[in-house]
**Q** 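Input: one structure, supplied below.
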Protein chains: 2
Amino acid sequence: MPRPSKPLISRAATVTASLEIIDSEGLEAFGLPRLAKHLGVRPPSLYHHFSDRSEILSAVAHEIIGATPMPRRRPGPDWPEYFVTFGSNLRRSVLRHRNAAPILLQHLPHDTLTERYEEAAAFLEASGVPARLHIRILLGVERLALGAALVDAVRRPGTGSALSPRVDPATRPTLARALAENEATSGQLFEEMLRNFLRGTTADEIESV
Amino acid sequence: MPRPSKPLISRAATVTASLEIIDSEGLEAFGLPRLAKHLGVRPPSLYHHFSDRSEILSAVAHEIIGATPMPRRRPGPDWPEYFVTFGSNLRRSVLRHRNAAPILLQHLPHDTLTERYEEAAAFLEASGVPARLHIRILLGVERLALGAALVDAVRRPGTGSALSPRVDPATRPTLARALAENEATSGQLFEEMLRNFLRGTTADEIESV
DNA sequence: ATTATCTATAGATCTATAGATAATGC
DNA sequence: ATTATCTATAGATCTATAGATAATGC
């Protein structure tokens with residue numbers, strides 16, 4: 001059937017199918033033949049919608065980051081909570097597709113992130129946070145969120161606990177003790193880390209202003 | 001020449017050669033045939049030293065992280081500087097081989113990291129930092145360092161400046177202003193971010209103790 | 001005329017194994 | 001006997017292009 005009445009392929013369906021493969025079978029399983037099969041078409045047909053393989057991967061990365069909701073919150077003195085929410089949302093978006101983490105690194109969608117940072121910067125301004133802190137806050141939250149997400153993504157299992165791959169108390173006694181001391185899940189730790197970072201970043205100003 | 005007098009291949013030489021290829025030609029260029037050529041041998045000979053391709057990549061990841069020096073510093077009240085150094089060293093190790101970032105994600109050498117965390121945890125204990133903060137500090141520094149390194153690794157060029165891929169002042173006015181406000185290099189920002197994180201993490205304790 | 005699929009296929013490439021061979025070291 | 005290379009090769013696999021074909025929409 002050379003041209004179907006209704007198109008069989010769309011960009012959105014291709015991205016969804018790619019993520020389904022990567023989520024359930026791993027990044028190694030991804031390839032054009034595999035993807036085409038999942039869509040019920042032949043591999044060359046994909047080239048009608050994407051110029052090459054890497055364009056598909058970029059669209060996938062774009063989709064993962066683009067699914068991050070922005071916080072709905074009014075500017076004001078409790079502005080740090082906006083960033084706790086933002087960071088957590090970003091982290092969660094990445095972790096939702098943990099097998100895709102390396103793709104995200106190679107095709108980090110700067111435009112999508114930049115769009116969000118513009119909104120966040122405007123929020124900071126409206127909250128009266130000093131301009132010299134803006135970049136520090138934006139980049140700090142980004143790095144904590146992506147760092148936490150990528151590291152968590154890679155420590156495979158869905159254990160809520162913080163450092164997953166069993167630490168041997170015989171050879172790492174101090175670290176094992178530190179882990180035993182901790183009761184928070186890695187999500188809770190992450191929020192706390194964000195709050196602490198924000199508190200430390202504004203510590204000088206708050207006293208001096 | 002079926003067996004040479006002196007072995008042509010060693011694990012260390014293989015890892016070095018791999019990094020040379022990845023650093024200068026990119027991750028895509030890496031492969032067993034390419035690697036073998038660089039070492040002056042035939043591809044199958046590599047299987048005498050590694051069980052498969054993925055074992056080579058693990059060794060590469062191990063080498064990158066393993067090259068991170070631990071701070072030489074005595075425990076004491078200025079213990080946060082130990083972690084500023086540690087974080088910076090870790091970040092620098094990763095950035096030294098930025099093209100290898102995706103490998104690092106897929107083959108993160110937990111053992112090598114764990115070894116270092118054990119030492120750092122002992123340092124915290126010796127400095128009298130409360131045990132419940134240990135995991136928060138270790139994981140926070142790890143995530144900031146890896147997050148910063150991976151994100152920087154991916155924002156290609158060696159510009160010292162913070163957010164590289166040109167932000168358009170027309171469409172992102174607030175963000176552009178925030179960037180203009182900033183004079184620090186991403187290395188400097190990173191150290192500051194670490195200090196602020198550590199300050200925020202200990203803020204409660206310092207008053208209460 | 002354009003669009004969205006298909007078939008066929010070039011061509012590259014890669015991972016891994018089997019089995020031969022000669023140097024080494026006990 | 002063991003070690004470290006080689007040659008030869010199976011076999012899979014993948015990306016991308018060329019050209020045919022039929023449905024669509026102007």
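A note on names: the letters A, B, ... follow the listed sequences, proteins ahead of strands, and every chain is numbered from 1.
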**Q** Is there a donor in the side chain of B/E118 and an acceptor in the side chain of A/T174, or the other way round, less than 3.5 Å apart?
**A**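 Distance-only check passes for B/E118 and A/T174.
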**Q** Between A/F190 and A/R92, is any pair of side-chain heavy atoms under 4.5 Å apart?
**A**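 Contact flag for A/F190/A/R92 side chains = no.
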**Q** Rounded to whole Å, how long is the line connecting atom CG of A/L32 with atom C1' of D/dT17?
**A**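 Interatomic distance, CG of A/L32 to C1' of D/dT17: 14 Å.
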**Q** Tell me the interatomic distance from B/F50, atom CZ, to D/dA4, atom C1', rounded to whole angstroms.
**A**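 Atom-to-atom, B/F50 to D/dA4, this comes out as 14 Å.
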**Q** Could B/D23 and B/R96 be called an ion pair, given the rule that one side-chain N must be under 4.0 Å from one carboxylate O?
**A**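 Here B/D23 does not pair with B/R96 in a salt bridge, since their nearest N and O are not under 4.0 Å apart.
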**Q** Within this structure, what is the NZ-to-P distance between A/K37 and D/dA12, rounded to whole angstrom?
**A**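 In whole Å, D/dA12 P and A/K37 NZ are 14 Å from each other.
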**Q** Using the side-chain heavy atoms of B/Y47, tell me which of these nucleotides is nearest: C/dA4, D/dT15, C/dA16.
**A**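 For B/Y47, the side-chain atoms sit closest to C/dA16.
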**Q** Considering just the side-chain nitrogens and oxygens of B/H49, establish if one lies under 4.0 Å of OP1 or OP2 belonging to D/dT3.
**A**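 No.
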**Q** Give B/S45 one of three labels, base, sugar-phosphate or nothing, depending on what nucleic acid heavy atoms sit under 4.0 Å from its own.
**A**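 It contacts base atoms.
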**Q** Considering every strand and a 4.0 Å limit on heavy-atom distances, what is the contact class for A/P43: base, sugar-phosphate, or nothing?
**A**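 Result for A/P43 = nothing.
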**Q** Go through D/dT15, C/dT15, D/dC6 for me and flag the one nearest to the B/R42 side chain.
**A**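 So the nucleotide nearest the side chain must be D/dC6.
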**Q** Would A/E55 and A/R11 pass as an ion pair if we require N to O under 4.0 Å?
**A**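 Result for this pair is yes, salt bridge flagged.
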**Q** Take B/S5 and B/R53, find for each the nucleotide of DNA chain C with the closest heavy atom, and name the residue whose nucleotide sits nearer the 5' end.
**A**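 Residue closer to the 5' terminus by nearest nucleotide: B/R53.
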**Q** With pairs defined as Watson-Crick or G-U wobble and both distances under 3.5 angstrom, please note down DNA chain C as a dot-bracket string, | for pairing with another strand.
**A** ||||||||||||||||||||||||..
**Q** Please tell me which of the listed nucleotides, D/dT5, C/dC14, D/dC14, lies nearest to the side chain of A/P33?
**A**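 Of all the options, the side chain of A/P33 is nearest to D/dC14.
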**Q** Looking at A/R98 and A/D152, does any basic side-chain N land under 4.0 Å from a carboxylate oxygen?
**A**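 Not counted as a salt bridge, because no side-chain N and carboxylate O are separated by less than 4.0 Å.
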**Q** How about A/E25: does its CD atom have over 12 heavy atoms from other parts shown lying under 6.0 Å from it?
**A**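 Counting other residues, nucleotides and ligands, CD of A/E25 exceeds 12 neighbours.
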**Q** To the nearest Å, how far apart are A/D52 CG and D/dT15 C1'?
**A**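 So the CG-C1' distance, A/D52 to D/dT15, works out to 9 Å.
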**Q** Taking for each residue the nucleotide of DNA chain D bearing the nearest heavy atom, is the 5' side occupied by A/G31 or by B/V41?
**A**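 Checking each residue's closest nucleotide, the 5'-ward one belongs to B/V41.
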**Q** Given atom CD of A/E55 and atom P of D/dT15, what is their separation to the nearest angstrom?
**A**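 It is 14 Å, rounded to the nearest whole Å.
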**Q** At less than 3.5 Å, do the side-chain atoms of A/R3 and the base atoms of C/dT3 form a donor-acceptor pair?
**A**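 For A/R3, whose side chain was compared with the base of C/dT3, there is a donor-acceptor pair (under 3.5 Å).
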**Q** Taking CG from A/L39 and C1' from C/dT5, how many angstroms apart are they, rounded to a whole number?
**A**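 The answer, rounded to whole Å, is 13 Å.
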**Q** Distance check needed: C/dC14 P versus B/L57 CG, whole Å only.
**A**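 Atom CG in B/L57 sits about 13 Å away from atom P in C/dC14.
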**Q** Rounded to whole angstrom units, what separation is found between the CG atom of A/L8 and the P atom of D/dA22?
**A**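 Between P of D/dA22 and CG of A/L8: 16 Å.
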**Q** On DNA chain C, compare the nucleotides closest to B/S51 and A/K6; which residue's is nearer the 5' end?
**A**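 By nearest-heavy-atom nucleotide position, the 5'-most residue is A/K6.
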**Q** Under a 4.0 Å threshold between the charged nitrogen and the carboxylate oxygen, would B/R195 count as salt-bridged to B/E191?
**A**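 A salt bridge links B/E191 with B/R195.
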**Q** Return no unless some side-chain N or O of B/H48 is found under 4.0 Å from OP1 or OP2 of D/dC6.
**A**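 No, no such contact exists.
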**Q** Which distance, rounded to the nearest 0.5 Å, do you find between the CZ of A/F197 and the CG of A/L144?
**A**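 Output value for this atom pair is 6.5 Å.
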